[in-house]
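Being a predicted model, the structure only gives us computed values, none of them experimental.
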Amino acid sequence: MDKEPFSDFWRRMGKSHKAGRSLGRWGLGKLVFSSSSEARIFFGLTVRETDPERPLLMGQAVLTTHELGGERFDSHGFYCELSETGMQLPITDVDEVRRFAAACGVSRTHEPGLSIIVPFVTETITEQRIVQAVLRNYFFPILLGRLVVTVGTVTIDADGFAGLSRAQGGARFANGALAQFIRTMRSVRKNELTPLVLSSTWVSTGMTAALDDHSKSLRERYQAGECVCVRAPLLLKQKNGTELPTKFDLFLQKASDDGDTLFVRDTIVLPAESKYFRGYRTLAALVADDKPICTFLGDAENPAHTSWSASAEKVTAKWRNPSARLKEIRGALQQFHDEIVSSMETVDPNALIDFFSAKAESGTRGVRPRGPVVRPPNPNPPPPEEKAYRLIRLKGGFAIRGGAILSQEQLPLTIRVRAAYDVLRGNPFSKYDPLDFDFSKDELEVKATGANTAAQSPNALVIKANSCDFEVTVSGFDVRRDLIIDASRQ
């Protein structure tokens, strides 16, 4: 029983037997329950499909190792029955379990499954905040129809997601484009019998050769607003000599406003991986849900499920050359975009004019005189260009406000703000450390009037202004360090 889910949930801390397409890996998710309780306790009531008449009950307290009355106690305490060997076992007395269920308002009687009861919930956890967290963190499996969440009287599913996300999903879902993109991806994979499969040599030959004659039709479909999809085959090798052919899918769709990027393992979206893709007004997604690649990427995942690392202990222990394989997977989406989109957006007829010149109509091209070209200074330099927004530096932070030329026709206005502490040498943005600060956490205070804000990355904030006199103030930075701010209109 030591390797079964029961032991994994109640007894194993920081360890997990999950592999393949299983979502978790680190055995830490269960700590959410005890951390949500002021008393650091939770209970689990289980009804088994094989024995629905005999429910099981168990509880756990997760504290720190401590002393009481001179006696030292372990960090974990259990509400349970003890076997002859001292092993913690669930309470099986039917009357006691029923009384507990009635006292806690548990409605489960004979339905198979697990109910978690968290008493003394911390004040910061409210139904509204739970709904917002579900919308922002579990949107992908919900929109795919794989997950339905009920919070109080609110049911969050694929059908009702659009309305809820516009109201409570934040700036990322305000215009509904990302939700529609995911629904379109689902439709594309469901309706297309065989997605365009790249040649197995795409890694070595490049995306241009892999797409071959399909590039033109894909560009036309993308330009027309369709969601285009290709499937990239990949061969993964384990250190024990096992070779695992696998695949992952790449999606692109033209966006009328701000774009968005998704890197997905099965149904987990890893937000930090979006830094490996750059595209203007493009909705893009990499979806890896085949079992071998899910196993590989799951082993490379960090405990927070935000990024992949080729130096993670599990991936280096099991897989051959994980750094190269991870680089190929990450870079595929950008290569696909560059081949389909960039060629349409960066056509410049004069790009090679310095290398290939044509004769002038008079016969020959004039010879440029040698020596420096001296131009007189302009005695009347033009005034600085007015902007639609203003950046004001404050002690311990900054503010973004509407500019003098901002009008209703320019709204909504999207501004991306990057921040980093100055360094003695090098680029402060490339040397940013997540330990410095994080826009997605509560350590910084963000106040917005007439605008919505969302953390695009730990040091990047996206502001979507809805009013001409909007103002966003961010404070809480270290006043002893120089703060570098870069604001650009998107």
Inset, instruction - May I ask you to check whether T208 and E339 show a side-chain donor-acceptor distance below 3.5 Å? - result: yes
Inset, instruction - Please confirm whether the backbone N or O of P141 pairs with a side-chain atom of R146, one donor and one acceptor, at under 3.5 Å? - result: no
Legend entry - Aromatic ring proximity F477/F437, centre distance under 6.0 Å: yes
Inset, instruction - Measure from the side-chain N and O atoms of R401 to the backbone N and O of I392, and report whether any donor-acceptor pair falls under 3.5 Å. - result: no
Legend entry - Expected output: side-chain S36 to main-chain V32 donor-acceptor under 3.5 Å: yes
Inset, instruction - Taking Y276 for its side chain and F263 for its backbone only, find out whether a donor-acceptor pair lies under 3.5 Å. - result: no
Legend entry - Short side-chain to backbone donor-acceptor contact, E471 and A399, under 3.5 Å: no
Inset, instruction - For Q334 and R278, indicate whether the former's side chain and the latter's backbone hold a donor-acceptor pair under 3.5 Å. - result: yes
Inset, instruction - Could you list the residues that satisfy salt bridge (Lys or Arg N to Asp or Glu O under 4.0 Å) with E328, not counting sequence neighbours? - result: R325
Inset, instruction - Check the side chains of Y222 and T282 for a donor-acceptor pair under 3.5 angstrom, ignoring hydrogens and angles. - result: yes
Inset, instruction - Report the residues that fulfil ring pair (Phe, Tyr, Trp, His ring centres under 6.0 Å) with Y138, sequence neighbours left out, ordered by chain and then residue number. - result: none
Inset, instruction - Determine yes or no for a side-chain-to-main-chain donor-acceptor pair under 3.5 angstrom, with S475 supplying the side chain and G397 the backbone. - result: no
Inset, instruction - Please name the residue in the list R481, K431, R480 that meets the side chain to side chain contact (heavy atoms under 4.5 Å, CB included) test with Y421. - result: R481
Legend entry - Heavy-atom donor-acceptor pair, D438 side chain to P434 backbone, under 3.5 Å: no
Inset, instruction - Give a yes or no on whether the backbone of P412 and the side-chain of N466 come within a donor-acceptor separation of less than 3.5 Å. - result: no
Legend entry - Distance in Å, F43 CZ paired with C104 SG, rounded so as to fall on 0.5 Å steps: 7.0 Å
